[in-house]
Protein chains: 4
Amino acid sequence: MSEGDPGDKYFDSSISDRERAIFEGGITLGALYHQFIGTPIGDKETLESAIEESALSQPYIIESDVKIVEIEKEGRSQYSYTELSGKSLQISLISKYGEAKVEMELREIPELDYPLMLVKKIF
Amino acid sequence: MSEGDPGDKYFDSSISDRERAIFEGGITLGALYHQFIGTPIGDKETLESAIEESALSQPYIIESDVKIVEIEKEGRSQYSYTELSGKSLQISLISKYGEAKVEMELREIPELDYPLMLVKKIF
Amino acid sequence: MSEGDPGDKYFDSSISDRERAIFEGGITLGALYHQFIGTPIGDKETLESAIEESALSQPYIIESDVKIVEIEKEGRSQYSYTELSGKSLQISLISKYGEAKVEMELREIPELDYPLMLVKKIF
Amino acid sequence: MSEGDPGDKYFDSSISDRERAIFEGGITLGALYHQFIGTPIGDKETLESAIEESALSQPYIIESDVKIVEIEKEGRSQYSYTELSGKSLQISLISKYGEAKVEMELREIPELDYPLMLVKKIF
């Protein structure tokens, strides 16, 4: 099955719906991380909403949930604002292409000590 | 006069309050532009608020107003979302250091055909 | 087959090598696009190299080729430098996970009038 | 004195050459920081060159020197690449407008525990 998108014909024709949903979700995780890392955090909830809505504007992303966690102010002065770091950004996305739905996440894994982008569940 | 910030002693001691306010505002204009350009736009108002609050978290910025204007969807499909471009981003900031207040802007200048960062008024 | 990476156990166990290679490549395309769009272009070749090497530092990316095309200076003054735009960035990547190799691209598609990220060939 | 740039007339007419040089340098420091923070580091020297050249493409920036220092790989696997952090980026710039030259820096200040953008010397 296909979504009938005009861009589809540029893809390898052997690509499955699962694979396409995974591709679109991977793009979105990479995009959000590198777009927003470093952002000076004013209001946490507003920035979470802006990232969630940015995710939903991307093709085939049907659900998104963003949390900014464990932020600590750096420094001790006027300059002590906080920038969004990879460790403090948690993203959960669902992408859907044709019959396939895929749940993906970005989150800091303490055991690994870095923020991992992962395919959590393929429906 | 000085704000007594612990970072002050690293600055050239001849710098005036006006100059410092201009410096901090220039940093913020450059930061916001390069942080947010390319962001996929979900909800315009939420993104405007996130950028405004990001500005206010920066040192010595006391007012900010952000407008996203003239956005056009590119393309004709699932992919036809909009990314924040330099031409569509308008920022107005006021920075204050000691007795000096400075109003700065980023906006597309039709005559010049590019987004100009400018010092509008020094109080 | 698996690559034996410590992050693997966080993935849905039904994910295939093909799917994992596609996921990692999708992340990298999204990351590069949103990291580098808006960069003021000094020397084109140096920036192309920096983006290529950035791609190769990402997990499971084994080949990358980056071209910056069709750049036009905006404006008519000191300010008339060029920023990297989505339309002028071309990326070709190969990711490899286990036995699967996948070729992916980012390029402006004139028919669609936007930069498309696509899975060109699955080996 | 003025540089005769077509954008000049949009500025507060009381702005001095010193102030204008400080403004342009501040913009560039903020721009470089927020453009490049988060970049996956492939080859350190190539990325340093790309940032330097990006600085020189900005209006009124006549010298730039960039160093990436103290990078540590995070994690212990395929994913253990390094992203450019604020603490590891050092930038030195000279801006010139009319008769004024200004030296500016971005560097981590251990005493403050954050990366400070500062006006080092006004000539």
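Because the structure is a prediction, the values reported are computed rather than measured. Every chain is numbered from 1, with letters handed out A, B, ... down the list of sequences.
When all heavy atoms of C:Ile122 and A:Asp12 are compared, the closest pair comes out as N-OD2, 2.7 Å. Residues A:Leu112 and C:Pro6 approach most closely at CD2-CB, 3.6 Å, considering heavy atoms. Minimum interatomic distance between A:Met117 and C:Phe23 (heavy atoms only, all atoms of both residues): O-CE2, 3.4 Å.
When side chains are defined from C-beta on, A:Glu105 does not count as touching C:Tyr10, because their heavy atoms never get closer than 4.5 Å. Residues A:Ser54 and C:His34 have side chains not in contact (no heavy-atom distance under 4.5 Å, counting atoms from C-beta outward).
Note: C:Gly30 leads C:Gly30, C:Gly25, C:Ser13 in heavy-atom pairs under 4.5 Å with chain A. With respect to chain C, the highest number of heavy-atom pairs below 4.5 Å among A:Val102, A:Ile37, A:Ile22 belongs to A:Ile22. The most heavy-atom pairs under 4.5 Å with chain A, out of C:Glu103, C:Lys121, C:Arg18, C:Met104, come from C:Arg18.
For chain C, the nearby parts of A:Leu118 are the backbone and the side chain; heavy atoms of each come within less than 4.5 Å. For a residue to count as touching a neighbouring chain, one of its non-hydrogen atoms must lie under 4.5 Å from one of that chain's; by this rule A:Leu29 touches chain C with the side chain only. For A:Lys120, the part lying near chain C is the backbone, with the side chain staying farther off; criterion is any non-hydrogen pair under 4.5 Å.
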